[in-house]
Chemist: 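Starting off with a structure, shown below.
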Amino acid sequence: MAWTEVDRSGGRSAYASAIAIELGLKAYLLHRGFSDDWNRIRLRHDLKKTLRCARLAGLREVPEGLAELAAVLGPLYASGDLRSGAVEPELTVPPEAAVRVISGLLDVVEAAIGMDEGAGP
């Protein structure tokens, strides 16, 4: 299924989804002690590598389908093709399911870093 849905802000949902995955995973890594510079230099915008690193750092209960989304969106996001709109990724799940997977990731990250318990800045 092509990801052609346009979100309420007029942008492409796939690009916003890639950003949400990246920021969720990197928030977890920052919490685990990885610096922003380390993330920027070593992980860049590689969603598969960032997911792998977060798992190795202890992220558990990653939503089913996240690895597949990272595999499809990651290379297109890293190359800038999603941002430019040069491509429309072919996903194995409908956009609504992708949104649930990403929401699940953010819930897992929030729980892992203790946001529910009032931790944070």
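Nothing fancy with the numbering, it's 1 onward along the sequence.
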Chemist: Output the distance between atom CG (Leu73) and atom CD1 (Ile19), rounded to the nearest 0.5 Å.
Modeler: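 It is 11.0 Å, given to the nearest 0.5 Å.
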Chemist: Looking at CD1 of Ile102 and CG of Leu23, how far apart are the two atoms once the value is rounded to the nearest 0.5 Å?
Modeler: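 One gets 11.5 Å once the value is rounded to the nearest 0.5 Å.
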Chemist: Nearest 0.5 Å please: distance from the CG atom of Leu25 over to the CG atom of Leu51.
Modeler: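 Result: 5.5 Å between the selected atoms.
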Chemist: Only counting residues at least two apart or in another chain, list the ones meeting ring pair (Phe, Tyr, Trp, His ring centres under 6.0 Å) with His45.
Modeler: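 Partners of His45 by the ring pair (Phe, Tyr, Trp, His ring centres under 6.0 Å) criterion, ordered by chain and then number, come out as Tyr77.
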Chemist: If you define the side chain from C-beta out and look only at heavy atoms, does anything of Thr50 sit under 4.5 Å from Glu22?
Modeler: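 No, side chains not in contact.
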Chemist: Closest heavy-atom contact between Ile41 and Arg44?
Modeler: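 So the two residues come closest at O-CG, 3.7 Å.
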Chemist: Give, for atom OG of Ser103 and atom CD of Glu110, the distance between the pair rounded to the nearest 0.5 Å.
Modeler: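 Nearest 0.5 Å value for the OG-CD distance: 9.5 Å.
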Chemist: Compare every heavy atom of Ile113 with every heavy atom of Ala27, then report the nearest pair and how far apart it is.
Modeler: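 Nearest heavy atoms, Ala27 then Ile113: O-CG2, 4.5 Å.
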Chemist: For residues 58-71, tabulate all N or O donor-acceptor pairs below 3.5 Å that involve a side-chain atom, not counting sequence neighbours.
Modeler:
from, atom 1, to, atom 2, distance (Å)
Arg60, NH1, Arg55, O, 3.2
Glu68, OE1, Gly65, N, 3.4

Chemist: What pair of heavy atoms forms the shortest contact from Ser84 to Asp81, and how long is it?
Modeler: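 Result for this residue pair: OG-O, 3.2 Å.
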Chemist: Looking only at heavy atoms, what is the nearest atom pair of Val72 and Glu90, with distance?
Modeler: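 Val72 and Glu90 have their closest heavy atoms at CG1-O, 3.6 Å.
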Chemist: Quick check for you: to the nearest 0.5 Å, what is the distance between Ser17 atom OG and Leu47 atom CG?
Modeler: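 Ser17 atom OG to Leu47 atom CG measures 10.5 Å (nearest 0.5 Å).
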Chemist: Determine which pairs satisfy ring-ring contact (aromatic ring centres under 6.0 Å, His included) with at least one residue from residues 79-109, sequence neighbours left out, and list them in order.
Modeler: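 Qualifying pairs: none.
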Chemist: Using 0.5 Å steps for rounding, measure from the CG atom of Leu29 to the SG atom of Cys53.
Modeler: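 SG of Cys53 is found 4.5 Å from CG of Leu29.
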Chemist: Any sub-3.5 Å donor-acceptor pair from Tyr28's side-chain atoms to Val108's backbone N or O?
Modeler: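 Not confirmed, Tyr28 side chain does not pair with Val108 backbone.
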